[in-house]
Amino acid sequence: MIASVLVAVVEIGAVAAIVASQCGPVKRKRLERFAALHDLDITLGNGAMAISYLRTTRRWRAAGFLTGLAVYLLVKVVRGEISLGIGSIIRSSAGTREQ
């Protein structure tokens with residue numbers, strides 16, 4: 001059980017690091033793609049608002065993803081059903097080599 005919890009914590013940490021790396025400054029290409037999709041002309045007056053919107057939605061999506069992952073893994077740990085994870089994949093592949 002403790003090993004399952006540790007696997008879950010490591011997985012959440014790895015995913016959190018990946019998501020955090022995506023929460024940096026909004027790139028010009030992303031802003032241009034957003035403007036084209038919404039047929040919006042980016043000006044000095046609305047540029048800051050568009051960037052703020054893109055940054056905020058990215059953070060909320062990342063927070064929702066991490067929350068969903070954490071709840072999913074927590075339920076799996078509580079039920080004792082953790083079967084998919086880095087640790088279990090390594091253990092299962094090591095077990096197949098021994099046979």
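As a basis for the values below, the full set of heavy atoms in this structure was taken, side chains included, without hydrogen atoms, waters or symmetry mates.
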Measuring from [X]:[atom1] to [Y]:[atom2], what's the distance to the nearest 0.5 Å?
X: Leu31; Y: Arg55; atom1: CG; atom2: CZ; answer: 11.0 Å
X: His38; Y: Arg33; atom1: NE2; atom2: CZ; answer: 10.5 Å
X: Thr56; Y: Ile51; atom1: OG1; atom2: CD1; answer: 11.5 Å

Taking everything shown except Arg30 itself, do over 12 heavy atoms lie less than 6.0 Å from its CZ? yes
Thr43 to Asn46 - nearest heavy-atom pair and separation: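 Closest heavy-atom pair between Thr43 and Asn46: N-OD1, 2.6 Å.
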Ala63 backbone acceptor or donor facing Thr67 side chain under 3.5 Å: yes
Under 4.5 Å between any side-chain heavy atoms of Val71 and Leu74, yes or no? no
